[in-house]
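See structure below.
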Amino acid sequence: MNAANEKKLAARATALGKSASAEALGELIELVRSESPLVRRLAASALGKLSGLVSAGAAVRALHPLLQDAHPQVRQYSAKALGAFGAAA
């Protein structure tokens, strides 16, 4: 992934997290699958910010694989996001 595209996707993940919109769920699920660890980390964080607004099941299913990510910060942010979903995680 080139740096410009990574920066664009990272900014998009951040904006979706700040949106507090359930409509962001689908796009964030796609972003957690990005080849960029930065984008995956920010998308995981954004999903956590949507807890209580989105289907916990879909978000949790998207976050669980990130617990095995090669990058420690991706694992850390996904664990924190899963915590936001409480017992559903």
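Basis for what follows: all heavy atoms, side chains included, without hydrogens, waters or symmetry-related copies. For the single chain, residues carry numbers from 1 onward in sequence order.
- Looking at every heavy atom in both residues, Ala46 comes nearest to Gly17 through CB-CA, 3.5 Å.
- A pairwise comparison of heavy atoms in Ala43 and Ala13 identifies N-CB, 3.9 Å as the closest pair.
- Between the OG atom of Ser45 and the CD atom of Gln73 there is a distance of 11.0 Å, given to the nearest 0.5 Å.
- Smallest separation of non-hydrogen atoms from Ser19 and Ala24: OG-CB, 4.0 Å.
- Every residue meeting the salt bridge (Lys or Arg N to Asp or Glu O under 4.0 Å) condition with Glu27, not counting sequence neighbours, appears here in chain and number order: Arg12.
- In the hydrophobic clustering, Val60 connects to Met1, Leu9, Leu16, Leu25, Leu28, Ile29, Leu31, Val32, Val39, Leu47, Leu50, Leu53, Val54, Leu63, Leu66, Leu67, Val74, Leu82, Phe85, either directly or through intervening members, whenever side-chain heavy atoms lie under 4.5 Å apart.
- For residues 32-52, the pairs satisfying salt bridge (Lys or Arg N to Asp or Glu O under 4.0 Å) are Glu30-Arg33, Arg40-Asp69, with sequence neighbours left out.
- Shown here are the side chain to side chain donor-acceptor pair (under 3.5 Å) partners of Ser36, two or more places apart in sequence or in another chain: Glu6.
- Judged as a side-chain contact (heavy atoms from CB on, under 4.5 Å), and not counting sequence neighbours, the contacts of Ser55 are Ala58.
- In plain terms, the two heavy atoms of Ala44 and Ala81 that are nearest each other are O-CB, 3.2 Å.
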